[in-house]
Engineer: 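The structure is given below, and queries will be raised subsequently.
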Amino acid sequence: MINAAITGVASYVPEKVLTNFDLEKIVDTNDEWIVSRTGIRERHIAAEGEASSDMSVKAIERLLEKTGVKAKEIDAIIVATVTPDMLFPSTAALIQEKIGASKAWGYDLSGACSGFLFALKSGSALVQTGHKKVIVVGVDTMSSILDYTDRNTCILFGDGAGAVLLEPTEDDRYGIIDNLLFVDGSGADALHMKAGGSRKPATHATVDAREHYLFQDGRSVFKRASLDMAKVSVDILNKNNFKAEDVAIFIPHQANKRIIDVAARRAGFTDEQVLINIDKYGNTTAGTLPLGLDEVVQENRIKDGDLVLLAAFGAGYTWGSTLLRYGPTRKA
Ligand code: UT7
């Protein structure tokens with residue numbers, strides 16, 4: 001049976017760093033509150049004019065360099081994002097042109113913080129039905145939709161991109177094992193952007209009412225995220241007859257360290273098994289999982305064939321988990 005394997009990963013975050021101390025000068029907040037309530041110390045912010053396709057291109061260029069794959073070999077590009085450069089054309093199309101992936105088709109996918117998991121499933125299906133090289137990107141330029149006068153939200157998010165290469169394998173030591181993916185649209189009221197879509201096109205009034213920014217009812221999202229990210233992490237292990245100790249690394253979505261701790265504890269992971277980088281990047285929405293995967297690969301915390309668990313929860317609501325055996329790493 002043909003399965004999709006992750007044969008490479010790379011990421012990119014913008015140069016500019018916005019620390020909690022910088023935010024203290026902008027809104028009524030403080031480092032102690034942010035660190036104790038969220039685990040975040042700093043986040044990276046895109047430069048003026050730097051958009052999601054630009055960050056994605058940087059991540060993909062690193063991925064192609066590492067793996068020795070040429071842009072012309074890519075069959076498809078799937079981009080998970082809620083902050084596309086423009087509503088259309090797709091960010092995938094812009095990336096395709098910029099990197100010269102002349103035979104690739106592709107599309108954007110809106111799954112918010114779970115977007116990378118949804119895109120991985122989508123990319124896997126393409127690989128299982130004949131595509132040889134699919135690039136899956138998770139990217140968000142959250143700074144472009146944040147209200148830097150709202151302390152409830154502006155402290156939480158950052159910008160970043162990560163990309164993986166999916167290739168077919170028939171070797172059961174590698175590849176994606178299972179996905180549990182969910183949507184519950186009753187969560188739409190708790191986390192959304194009010195204007196700029198077909199419901200409320202941009203007008204002077206929507207701009208004046210600050211409706212082109214992310215809105216979040218933090219407490220409601222926190223409760224559901226804590227419950228569901230933990231449950232979906234435990235469920236996928238049980239369903240596939242794995243125990244916590246079989247997992248080399250657990251990479252949870254980085255929205256709040258307290259949500260991560262609940263999931264890690266319920267699933268029975270030790271601190272060493274859990275990737276936490278929210279302190280450096282904040283919540284990069286679709287970017288967190290590939291950023292995390294790139295970090296554990298770069299730090300040699302996993303090797304080819306190791307069991308990796310990814311889990312996420314976000315706007316929609318959307319949530320899910322993916323269990324995979326990493327590699328085989330393609331080297332240039
Ligand atoms: O990735 C997408 C999914 N998103 C998430 O998973 C995020 C889920 N939510 C959360 O992570 C948390 O709810 C937050 C970090 C957003 C908020 O933490 P909390 O412990 O739920 O705080 P809270 O909203 O209950 O607010 C507690 C207090 C409030 O003051 P009062 O009403 O008790 O006087 C807030 O006004 O903290 C205040 N507060 C702040 N204080 C200093 C809110 N934001 C700040 C701030 N600095 N930045």
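Note that ligands are numbered from 1 as they come in the structure, with each ligand's atoms numbered from 1 the same way.
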Engineer: Regarding Arg224 and the six-membered ring of Trp319, is the cationic atom NZ or CZ under 6.0 Å from the ring centre and inside 45° of its axis?
Structural biologist: yes
Engineer: What residue and atom, counting heavy atoms only, is the protein's closest point to atom 9 (N) of ligand 1, and at what distance?
Structural biologist: Gly218 O, 3.1 Å
Engineer: Using salt bridge (Lys or Arg N to Asp or Glu O under 4.0 Å), reason through Lys280 and Glu295 one step at a time and then give a plain yes or no.
Structural biologist: CA-CA 12 Å; Lys280 293 183 287 189; Glu295 181 163 327; 3.2 Å; yes
Engineer: If you measure from each non-hydrogen atom of Phe222 to ligand 1, which part falls under 4.0 Å: side chain, backbone, both or neither?
Structural biologist: both
Engineer: I'd like to know if atom 44 (N) of ligand 1 has any protein heavy atom within a distance of less than 4.0 Å.
Structural biologist: yes
Engineer: Between Asn256 and ligand 1, which part of the residue brings a heavy atom under 4.0 Å of the ligand: side chain, backbone, both or neither?
Structural biologist: side chain
Engineer: Run the side chain to side chain donor-acceptor pair (under 3.5 Å) test against Ser143 and tell me which residues pass, sequence neighbours left out.
Structural biologist: Asp159
Engineer: Would you mind running through ligand 1 and noting each atom that sits below 4.0 Å from a heavy atom of Thr29?
Structural biologist: 42 (C), 46 (C), 47 (N), 48 (N)
Engineer: With the threshold set strictly below 4.0 angstrom, can you tell me whether any protein non-hydrogen atom sits that near atom 34 (O) of ligand 1?
Structural biologist: no
Engineer: So which heavy atom in the protein is nearest atom 16 (C) of ligand 1, and how far is it from that ligand atom?
Structural biologist: Leu156 CD1, 3.8 Å
Engineer: Please round to the nearest 0.5 Å and tell me the distance separating atom OG1 of Thr329 and atom CG of Asp304.
Structural biologist: 3.5 Å
Engineer: Relative to the ring of Tyr281, is the ring of His44 parallel (under 30°), tilted (30 to 60°) or perpendicular (over 60°)?
Structural biologist: tilted
Engineer: Would you kindly confirm whether Val297 and Val69 end up in one hydrophobic cluster when ILVMFWY residues are joined by side chain heavy atoms under 4.5 Å apart?
Structural biologist: no
Engineer: Provide the number and element of each atom of ligand 1 under 4.0 Å from a heavy atom of Arg258.
Structural biologist: 18 (O), 19 (P), 20 (O)
Engineer: With atoms numbered from 1 as shown, which atoms in ligand 1 lie under 4.0 angstrom from a non-hydrogen atom of Leu191?
Structural biologist: 2 (C), 3 (C)
Engineer: Considering Arg37, Arg219, Glu32, Gln216, which one's heavy-atom position lies nearest to atom 24 (O) of ligand 1?
Structural biologist: Arg219
Engineer: If I take atom CZ from residue Phe222 and atom CZ from residue Arg37, how far apart are they, to the nearest 0.5 angstrom?
Structural biologist: 9.5 Å
Engineer: Any chance you could lay out the side chain to side chain contact (heavy atoms under 4.5 Å, CB included) test for Tyr107 and Ser90, step after step, and finish with the verdict?
Structural biologist: CA-CA 6 Å; Tyr107 51 93; Ser90 68; 5.5 Å; no
Engineer: For ligand 1, note which part of Thr285 has a heavy atom under 4.0 Å away: side chain, backbone, both or neither.
Structural biologist: neither
Engineer: Just jot down the ligand 1 atoms closer than 4.0 angstrom to any heavy atom of Ala255, in number order.
Structural biologist: 1 (O), 5 (C), 6 (O)
Engineer: Could you tell me whether Val27 approaches ligand 1 through its side chain, its backbone, both or neither, with non-hydrogen atoms closer than 4.0 Å?
Structural biologist: neither
Engineer: Given salt bridge (Lys or Arg N to Asp or Glu O under 4.0 Å), test Lys303 with Asp306 step by step and report yes or no.
Structural biologist: CA-CA 6 Å; Lys303 56 184 190 312; Asp306 274 353; 3.2 Å; yes
Engineer: Taking distance alone, with no angle check, do Thr38 and ligand 1 share an N/O pair under 3.5 Å?
Structural biologist: no
Engineer: Got a sec, which pairs hit side chain to side chain donor-acceptor pair (under 3.5 Å) with one end in residues 68-79, sequence neighbours left out?
Structural biologist: Asp75-Lys103
Engineer: Please state which protein non-hydrogen atom is closest to atom 38 (C) of ligand 1 and give its distance, to 0.1 Å?
Structural biologist: Arg151 NH2, 3.7 Å
Engineer: Suppose we measure from atom 3 (C) of ligand 1 to each protein heavy atom; which comes out shortest, and what is that distance?
Structural biologist: Val221 CG1, 3.5 Å
Engineer: If you measure every N or O of Ile34 against every N or O of ligand 1, does any of those distances drop under 3.5 Å?
Structural biologist: no
Engineer: Starting from atom 2 (C) of ligand 1, locate the nearest protein heavy atom and write down its residue, its atom name and how far away it is, to 0.1 Å.
Structural biologist: Cys113 SG, 3.2 Å
Engineer: Is the cationic atom of Lys194 (NZ for Lys, CZ for Arg) positioned less than 6.0 Å from the six-membered ring centroid of Phe215 and within 45 degrees of its normal?
Structural biologist: yes
Engineer: Which protein non-hydrogen atom lies closest to atom 17 (C) of ligand 1, naming both residue and atom, and how far is it?
Structural biologist: Trp33 CH2, 4.0 Å
Engineer: Looking at the rings of His253 and Phe313, which for Trp means the six-membered one, are their centres under 6.0 Å apart?
Structural biologist: no
Engineer: Using a 4.0 Å cut-off to any heavy atom of Asn283, which atoms of ligand 1 qualify?
Structural biologist: 1 (O), 2 (C)
